[in-house]
Each structure stands twice: as structure tokens, then as C-alpha cells.
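If you're wondering where the values come from, they're calculated on a predicted model, not measured in any experiment. A, B, ... follow the sequence lines: proteins, then strands. Residue 1 opens every chain.
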Amino acid sequence: MPAVSKGDGMRGLAVFISDIRNCKSKEAEIKRINKELANIRSKFKGDKALDGYSKKKYVCKLLFIFLLGHDIDFGHMEAVNLLSSNKYTEKQIGYLFISVLVNSNSELIRLINNAIKNDLASRNPTFMCLALHCIANVGSREMGEAFAADIPRILVAGDSMDSVKQSAALCLLRLYKASPDLVPMGEWTARVVHLLNDQHMGVVTAAVSLITCLCKKNPDDFKTCVSLAVSRLSRIVSSASTDLQDYTYYFVPAPWLSVKLLRLLQCYPPPEDAAVKGRLVECLETVLNKAQEPPKSKKVQHSNAKNAILFETISLIIHYDSEPNLLVRACNQLGQFLQHRETNLRYLALESMCTLASSEFSHEAVKTHIDTVINALKTERDVSVRQRAADLLYAMCDRSNAKQIVSEMLRYLETADYAIREEIVLKVAILAEKYAVDYSWYVDTILNLIRIAGDYVSEEVWYRVLQIVTNRDDVQGYAAKTVFEALQAPACHENMVKVGGYILGEFGNLIAGDPRSSPPVQFSLLHSKFHLCSVATRALLLSTYIKFINLFPETKATIQGVLRAGSQLRNADVELQQRAVEYLTLSSATVLEEMPPFPERESSILAKLKRKKGPGAGSALDDSRRDPSSHDINGGVEPTPSTVSTPSPSADLLGLRAAPPPAAPPAPSGAGNLLVDVFSDSPATQPGLGPSPEEAFLSELEPPAPESPMALLADPAPAADPGPEDIGPPIPEADELLNKFVCRNNGVLFENQLLQIGVKSEFRQNLGRMYLFYGNKTSVQFQNFSPTVVHPGDLQTHLAVQTKRVASQVDGGAQVQQVLNIECLRDFLTPPLLSVRFRYGGAPQSLTLKLPVTINKFFQPTEMAAQDFFQRWKQLSLPQQEAQKIFKANHPMDAEVTKAKLLGFGSALLDNVDPNPENFVGAGIIQTKALQVGCLLRLEPNAQAQMYRLTLRTSKEPVSRHLCELLAQQF
Amino acid sequence: MIKFFLMVNKQGQTRLSKYYEHVEINKRTLLETEVIKSCLSRSSEQCSFIEYKDFKLIYRQYAALFIVVGVNDTENEMAIYEFIHNFVEVLDDYFSRVIMFNLDKVHIILDEMVLNGCIVETNRARILAPLLILDKMSDS
């Protein structure tokens, strides 16, 4: 029989608990409980009124039974009765029962509210606290409606006891979280902030939680809390451990309060006030310094409490992301923890460092710990620590260490826990693709992935390797050779068979020259896997076989034999059967054979032209629409009726060449002529403009008008060769959006209902930095948010764009920033593409834009005198060094606006150079890493005709044309 | 924010549970079983933080008793870890014997320290103040 401990003597309860503890089995326990429940029920229903003590005892038993995991469906009323008792112990048990067991929609809520009201008004602090605790625990809307107005009053009242203030603060927090509308901001808010100054630390501890929640919703109303929090923190951090007496925990002054204050500060950006900021930085430094000092106690509690503050301090430093010195110190501190003997510290250090890796100031510092992290991945005994290590490796990965990290992750994958394999596979696939310098490495990596963890390689991953191999002809041979070798393993994963089947079917011919991998060998290798594979893979292999028949006629007989076999032609699976039958028929017919050479006949295009000269030009046009081949020749642009129906000889020539009409609207020939007249006194030569309008028109088109077809091709090109990212073509408005940024560096690049993209950029010499701001305009989180920059074609060799990763989630209403470092290596014509992908409400969204980086951003203005200008102008007099454009004004012709645009374009404006003061003359140098291109420009407005003539001379032909094209769009 | 506070023994019996976010009764049992299972399966070499669904478990073991705290990602793991110890020391201070007989008082202590998911008091003397009043009343 257990002795009753000090305090009250509910003997019956002690006996009951003791009985339960002595129960040998679950059944015995249930039996004992049921007996007790029956007893209590009969007591409650009995005629004799129970006294407070008995009620308390039974309610207490019920509570105990409930806590053992049994449902309780009676006793609520008795508990409510206890609330109005004057004895603390009875009241307390009543409140405890209600807090734990009463749910918010209970009918009893009115009775409970009444009891709470009485206790709140009692002015007895112990009773008030009980009542406040109960509101905080239940927190129902009814309670909120009844008490929301009273609690702020109690919280800030001068005469409230400290313990009441504490309870009131957290009670208010609960109500505010549950129904903010019931807690209107008011005069009390300012006084709540001042609770941070309260002399009682317990009150401050409670108030910080409340303020943290309130300022997340109303940051501006609570701004003043920053300086108060800083000064409070500073007082704690710099105090000797004995100053705070009871709030010192193992020689650490108020650790939990410090952590909370540091959390509160993370709701705000760094303080603007220099004094406050100075004080805060001092605090943060003190914490970092203390970590290096010898501990004041050997007890683990001491170092744990100290480290709790340290980690929170580091979180704040990362949150500010503005003090390089502190960031690097934080990183070094975490680096020490990486090798600490306490697993908890290693875990937390890896976790914190992961966020440090994304800061540009500390990314390099994080990278220095790569060996330790790799070691952690290999040797940690705890899967969650290993997982953190893998996350950190992923975060610190960049071009410089990608190969090492990927190979370590691959090695880890062989022994990795099943729970995290898929994630590691994805990480490896992403890193391999993102940082692939040579694609053979990429192919090796992915094939290794399939070999090591084939089951975890999702379809997306192996589809991707096929896309990349298909798009990059430099890697196709290597890929074919590698899969061929991989397939020779006696047991290889089905995913490997799929990739192998596809790649050999497409590019097997590239290795067919080697007798060891001759077509029959390739086929028998693939076919040896056939019977072990699933239906989907077999279907894929059948397609590979028909490709083989086409690529290698020598395999035809063997493969036809396979297709003809009963197991294929009469396969139970419809898909396989159909493929076998159809492929067999196709292979016997001539459909797959190469086209025989055409007999020499009249050119079909010529024939069409002849027909067109006949009765109806309209029908010819219809023909061209119907005939798909004409689309290809024309680059997807249909001939405009004007070109087709012009009866002049120049139009005939055009028809013959089937050249596309220029995309940029060429100046009407008549107008061109007019302009030539107007500017006849101009010193500039006009190589593009001939004497007669017809010829002028022609000569613009003749060398397939460089600027216009280029502009046409610029769009489909990335679609045909998307480079490392699979991206869609830019949105139709991309060009227009790009044009907005030719003379500007900042602004909104794109906006729709979901997303806004803002740009801020600065350029100096051949370098630039661009900040992209992605704003989520919805209230729903974007997921898998990934903006990437893609270089279409060989742009990569002309322009290097380094991007920072951004968080993959963007909360509703939030904005994330991405920093791009740009280096112009050589002159370039097409801008990089910005591909933004994310999931919004489950639906994948993707968007491709042109990144507003044009060659003129690297302009450096050059001032020069008139004499120098003309001298250089003459030096650049070769026809191909000049580009000229005559075009109609799209905007009102205002000299000031024009001036601003030219300056925004990047060139210097030279006054007193052109004899005509209406004209604008500019000079500058385009800075690239490889070379510098001097540029001279001249813009001649003609207000009367509402036209401009723009002349560019540079030392490099494509640059002249490109700049001319870009600038002409601006006026 | 603290989501729940559990005291569970090695046999998996819940000795105290306090939820700061509403969880259905039947789901509580399930959750507690899973939580204790994941704590029991760990060795002392593993860290005291477990990622569990969308929150973290922070646990400490005292002889046969596990104290497990579920938190969301706004809490400092180390601070909670040490907070558990602070709680245990308070219990140690007050109780001279098996706490099972005084669960109501353990609740009072916990309520003094944590209020709706936030740490509210860490000073030992102040945590125990209401209990001492209580004892004084019943002694007289």
C-alpha cells in the first residue's frame, strides 16, 4: 500500500492508481477500470448529494482513466460544479478536467463561461490564473466572444499580478490565433510592446510569444518592439550569470527568453537605426565569442543552454544575410560543431549550415567543410543526421565541386536507407544535369543511378536523360557505347533496359562500326533481356527492333523472325500483339525504305509560281496553305498576300527564292525613298538603300535580311535545342517585354494573375548583377518553384550567367529574390531565357521569358570631341561595319525622351558634333571579356515625316546590326 | 510552437499527455504509440530530434521514462531539449517519490511552464509557487 505523498489525501484515488499499476495484463486493467467507472456512475446518480471532496476525488479518477486512454462520457456536469467551489484544490481539478476533456461545442460552455467570469472578477490571482489557463486551453469561439474584450485589459492593467499577466498574455495569444477578428488592435497594443521592458522576466517570456504572433500579422503596428527586444537581449547577454538569479540556468542567463527574443527579431529586417543595429551586432558577437570561451560549468546542461542561444543567434544572422563578417563566423562555429562528439550538435550544425550555404556571403565558407560533410554522410550512425548531410551537400554544390559531390552521393546511395533513396536519386539527377560541363559525365551519372538504385529512378529521370542525349549530338555516340556496356551486366535493372533500348534504337548506328557491337550483337543483347521485362518495356523494345530493321538491313530477317513468333503475334497483351503485327507488316512493305532519288523534273516551287501567274492568285495562296512542305521552307511563316500578288519582277524573284517576308515591318518602299531625299545632305553612306525603291526593297531582303530571319529563328531555336533544361518556347510577349528593358535596368518584367517578376540590375564593364523578384500574388503557396536561366544555342560561350538557387516554396503573398551574376564573354545577339516553373494548387505552371540582358547593357559611354568623332566615323566606313534603319516613330517625338532613352541605352551623348542640332550623336564601347567593340551612333529624327533614321557603326558587323535593331524598337 | 508534451514509459504506456493543438481522442492513442515506437528504436548514438510527419519530436530518456515533445519548425530544438530537463528538475525538486500518484500536480507544474504551446515560465521557484500554496492550504 503506497503511502500518500505530501499534499492532499485522496486515499481512494491512490488505492485505485496502485491497483492499476499492479494489473498484470491489459484485460485486468480494463476490468478494474470498468468496475471503477460503474462505481463512480452510481455515486453520481445516487440520491445522496456528494460533498466537494468526493466530487473532486471521482472527477480526478475519471481524469486518470481518461489519461490512460479510455473515453469518458460522463462526469462533465460534476466537473463544472467543482468550478464554483471556493477550495482551490476542487476548483483546480474542475478546470483541469474541463481543459482536457471538454470540447468547444459542448452545451456546458455557458455554465463554464459563467464560472470563468466569476473567477476573473474575483481579484484572487490564483483563481484568475486558473480561469485564464482554462480559456487558453479550450480557446473556443464562444469563450473568445465572452472574454476577448476583458483580457487585454487584464494584461496591461497596472495592478495585475505578474502571474496573472503571464497567463493573460498567452490566453490572448490563443484567442488571437483562433479568431483574430475578436481581438481588435487598440490602445493596449502599444502597452503590450512595453511589457518587453517589464522588470519581471516571466512576464517578458510570456509577452514575447504574444508579440511574436501579433507582429507577424501586423508588422507595422509593432515595429517598436525591435529596439525594445534588442535592449532586453543586450541586457541579458551582457549580464553576469548571477545577475538574473532565478532565471539563470546552469550559469546561462535566461536561455529560453534569449531564444524567444532572437526569434522575435527574425520577424523583422535588420534594424535601421544605427545605434540599435550596433547594439544588436554587439550582442550577436558576444554570443559568438562566448561559444569560444571555456565553459563556466562542466555540466552538459550548461553547454546545451548556451548552444540553444547560439543556434538561434546564427538563425538571426542568416535571416539578416547582410553581415558578411558574422556569417563567416557563424559558419566557422558550425564547422566546429560538425566534428563535435554530441550527435545533437552535429545534426543541428548540418541543418543550420544548409541555410548558410544559400547566402552569397557564406557560400564559399560553407564549401570549405565539404570533406567533413562527406565524412558525415559515410560514418554517421543516425539516418536523420545522414539525411541532413546529404541536404547540405546538395545546398553547397556548385560547378566547382559538383563532380565530387555527385560521386559521393552515388557512393552513399549504395548503402543508403530505403526511406531516403528516392530523394537522393532526385538530388543526384538534378545536380548532374544542372552542373554538367561535359555531357558524357551526365550520362555516366544517370546510368550509374539506374544501376545502383534502379527502383528509385522515377520516369522523369530517365526520360530526361533521353531528351538530353537526343538533343546533344556530341554525346550520342558516347551514350550508345555506355548503355551497350551497361547492358552487358548479367542482371541489369529494367530502367536500364528501357534507356538502353531507346538509345540503341536511335543511336545504335554510331557504334555499329565496331565488330564487338555490330548490329546483330546489339540486337541479341537487347533481346536477351526481353523476356524478363514488363509489358511496357517489351513494347518499347519492339519499337527499337523496328528502328533496327530500318537502320541495319542485315538484322531484318532475324527481327522479322522474332516478330513473327507466336509469342508475339498471339500475345495476350493487346498492345504487344498490335505492335508485333503492325511492325511485321511495316517491315515487309517498303514504307521504311529510303526514298529513291527524284527524277529530274521541274522544281515544284517554280511550277507553283507558274500556276499562280495563271487565272487566280487566290487559289495559289490556298495551295501554299495546304502544302505542308512550303511551311518548312518558309520557316513557319506563310507568305503574305502582298508578296504573292505583287506583279512586279522583284516579287517574282522573291517567289522563286521562297524567302520569308521580313518579320520587322520594313519601311514601305515609297517612304524609304522619301527619307533618302530628306536626308540627302547627310554625310553617312547608305549601303542598304539603292537608287530605286524596288531595288531598295530587294536589297534589304536579298542577303536573307539578317535581322528579320534571326528574330524569327530566335524563338523556335531554343525549342529545338533546349540545352540542359527542358523549357517551352518563350511566351509570345517575350520580345515586347524584353524591349521595355533595353533602355532601362529596373522594372516589372512580367505579371499575370499568379506571379509578378520584377527586375533590378546594374552593369559595369563586362559584368552585371541582376536581382529578380518573384512575387506570389495569390494566397496559396507555390511549390517546386524553380526559376532557371537557359542559354539557347551556343550563347553559353558568349555570356555567363550564374544563378543562385531560390527556395522551392513561395508562400502566398510572399516574394523571393534571386541574384544573377552576369559576365559578358563575347558579343552576343540573343538574350538568355528565363524559365520559371512551379506548382500552383497542384497544377504545374511554366513560363519562359527572355532575360533582359542585351548587348548594350555592357556599353561604356565615351566622351569625345567632334573632330575625334568624325575621324573614327570615317575609320569605320566599310559597308559591313555600318547598320542603318529607317523607321516610323511609334511614340511621340520628344527630344528629351529620346535623349533619356539613348542614355539609358548606354552610350554617351555628344553635343556639338552633328551640324544639325536636332540630331543625336553618341559613342561608347561595348565591354566583353574577349574583346571591346567601339560603337558610334547617330539618330536623325524627322518630325515632319514622323520618321527616324538610325545609323550605327561598330568594328563588328553583327554588333552594328543588332544594336541598330534593338535601338530602333525604342522610338 | 509546442504541439504536445508526452510522458511515456518503456512499455508504451502514456503517463501524461498534454496537447496544445486539438487531436481526436482515437488519433491520440495512435500517435502516442507511433511516437514511442520511434523513440524506443533509437540508440544513444542517434540524435534526440526526429522528423516525424510535418513536425519534429524532441525526446529525452530518464530511466524507463521518455519525455517526448512535438514541435513545429518555429522552435529551437536545443532550447526544447534543455527545457525538458528543466521540467524534470522541477519535478525532482518537488516530488520525493513516484509521480504517478500525483499526476494532477504534474499537470499543474506543466501548466505553469507551458501555456498553449509556449514556454511561459522557467524559474523553478515561481513554477512551484501555486503548488506550495496548495500544500499550505491542505496542511492547515
Side-chain angles (χ1 to χ4, degrees), chain A residues 2 4-9 14 17 21 60 63-64 67-69 71 87-89 92-93 96 103 126 129 133 136-137 139 163 166-167 169-171 173-174 201-202 205-206 209 246-247 249 254-257 259-260 263 301 304-305 307-308 311-312 315 343-344 346-348 381-382 384-385, chain B residues 1 13-18 20 22 25-26 28-29 32 42-51 74 76-83 85-86 95-98 100-105 107-108 111-112 115-126 129-131 133-135 137-139:
Chain A
V4 176
S5 69
K6 61 180 167 179
D8 66 289
I17 293 174
R21 273 169 65 91
C60 216
L63 196 57
F64 182 79
L67 292 175
L68 287 174
D71 209 357
K87 284 204 175 116
Y88 179 84
T89 49
Q92 191 261 336
I93 292 291
L96 183 56
N103 53 14
T126 338
C129 282
H133 281 209
N137 280 325
S163 57
Q166 277 175 287
S167 306
L170 287 155
C171 181
L173 172 59
R174 171 65 188 250
M201 304 278 269
T205 309
S209 290
D246 297 340
Y247 284 88
Y249 180 82
W256 293 283
L257 178 55
V259 165
K260 279 187 171 195
R263 280 263 164 193
Q301 284 81 5
N304 281 346
N307 290 334
F311 278 113
E312 207 55 59
S315 299
T343 316
N344 287 344
R346 295 198 301 275
Y347 172 90
L348 293 174
R381 303 257 183 119
D382 181 349
S384 41
V385 181
Chain B
M1 168 185 175
Q13 292 166 302
T14 306
R15 286 312 178 210
L16 175 141
S17 71
K18 184 97 190 168
Y20 299 100
H22 186 69
I25 306 277
N26 49 358
R28 288 185 185 189
T29 327
E32 286 160 21
R42 294 171 75 86
S43 71
S44 57
E45 279 164 345
Q46 296 185 280
C47 74
S48 318
F49 318 123
I50 310 174
E51 276 150 71
T74 63
N76 179 312
E77 290 94 340
M78 210 39 135
I80 298 292
Y81 182 73
E82 216 37 50
F83 180 77
H85 190 72
N86 196 9
F95 296 107
S96 40
R97 35 177 293 103
V98 187
M100 267 290 281
F101 296 102
N102 292 289
L103 269 183
D104 54 326
K105 292 189 176 165
H107 266 280
I108 296 179
D111 272 351
E112 287 300 319
L115 197 48
N116 91 71
C118 300
I119 297 177
V120 55
E121 184 58 78
T122 58
N123 172 344
R124 215 167 291 173
R126 286 181 51 86
L131 276 179
I133 299 176
L134 209 74
D135 293 343
M137 287 200 302
S138 59
D139 284 347

Go through the steps to decide whether A:K260 and B:I119 satisfy the test side chain to side chain contact (heavy atoms under 4.5 Å, CB included), and finish with yes or no.
-> CA-CA 9 Å; A:K260 279 187 171 195; B:I119 297 177; 4.1 Å; yes
Identify which part of B:E45 has an atom lying under 4.5 Å from any heavy atom of chain A, answering side chain, backbone, both or neither.
-> both
Set of side chain to side chain donor-acceptor pair (under 3.5 Å) partners for B:R126, sequence neighbours left out = A:Q166, A:H200, B:E121
Whatever's closer than 4.5 Å to a heavy atom in chain A on B:S43 counts as neither
For residues B:S48 and A:N344, report the shortest heavy-atom separation together with the two atoms involved.
-> N-OD1, 2.6 Å
With side chain to side chain contact (heavy atoms under 4.5 Å, CB included) as the test, would you mind laying out the steps for A:S384 and B:R42 before giving the verdict?
-> CA-CA 11 Å; A:S384 41; B:R42 294 171 75 86; 3.6 Å; yes
At a heavy-atom separation under 4.5 Å, does A:C171 approach chain B through its side chain, its backbone, both, or neither?
-> backbone
Any A:L348 side-chain heavy atom under 4.5 Å of B:E77 side chain | yes
Closest heavy-atom contact between B:L115 and A:S167?
-> CD2-CA, 3.9 Å
Should the pair B:F49 and A:Y347 be assigned to parallel (<30°), tilted (30 to 60°) or perpendicular (>60°) ring geometry?
-> tilted
Counting only heavy atoms closer than 4.5 Å, note whether A:S315 contacts chain B via side chain, backbone, both or neither.
-> neither
Under 3.5 Å: donor-acceptor pair, side chain of A:T205, backbone of B:V120 | no
Between A:N304 (side chain) and B:E82 (backbone), is there a donor-acceptor pair under 3.5 Å?
-> no
Of the listed B:E112, B:E51, B:H107, the one with the largest count of heavy-atom pairs under 4.5 Å with chain A is B:E51
With sequence neighbours left out, what residues match B:T29 under side chain to side chain donor-acceptor pair (under 3.5 Å)?
-> none
What residue, out of B:L131, B:N86, B:T14, has the most heavy-atom pairs lying under 4.5 Å from chain A?
-> B:N86
Minimum heavy-atom distance between B:C47 and A:D382, given as atom pair plus value | N-OD2, 2.7 Å
Side chain from CB out, backbone as N, CA, C, O: work out which of these in B:N26 comes under 4.5 Å of a heavy atom of chain A, or both, or neither.
-> neither
How close do B:N116 and A:R174 get, heavy atom to heavy atom, and via which atoms?
-> ND2-CB, 3.4 Å
Would you check if B:K18 and A:N137 make a side-chain contact, meaning some heavy-atom pair closer than 4.5 Å?
-> yes
OH (B:Y20) and CG (A:L170) are apart, to the nearest 0.5 Å, by 11.0 Å
Contact part of A:R263 toward chain B, heavy-atom cut-off under 4.5 Å: side chain, backbone, both or neither?
-> side chain
Which answer fits A:I93, side chain, backbone, both or neither, if we ask what part of it has an atom under 4.5 Å from a heavy atom of chain B?
-> side chain
Looking only at heavy atoms, which two atoms of A:A308 and B:N76 are closest? And how far apart?
-> O-ND2, 2.7 Å
State, with a plain yes or no, whether a side-chain heavy atom of B:H85 is found less than 4.5 Å away from one of A:Y249.
-> yes
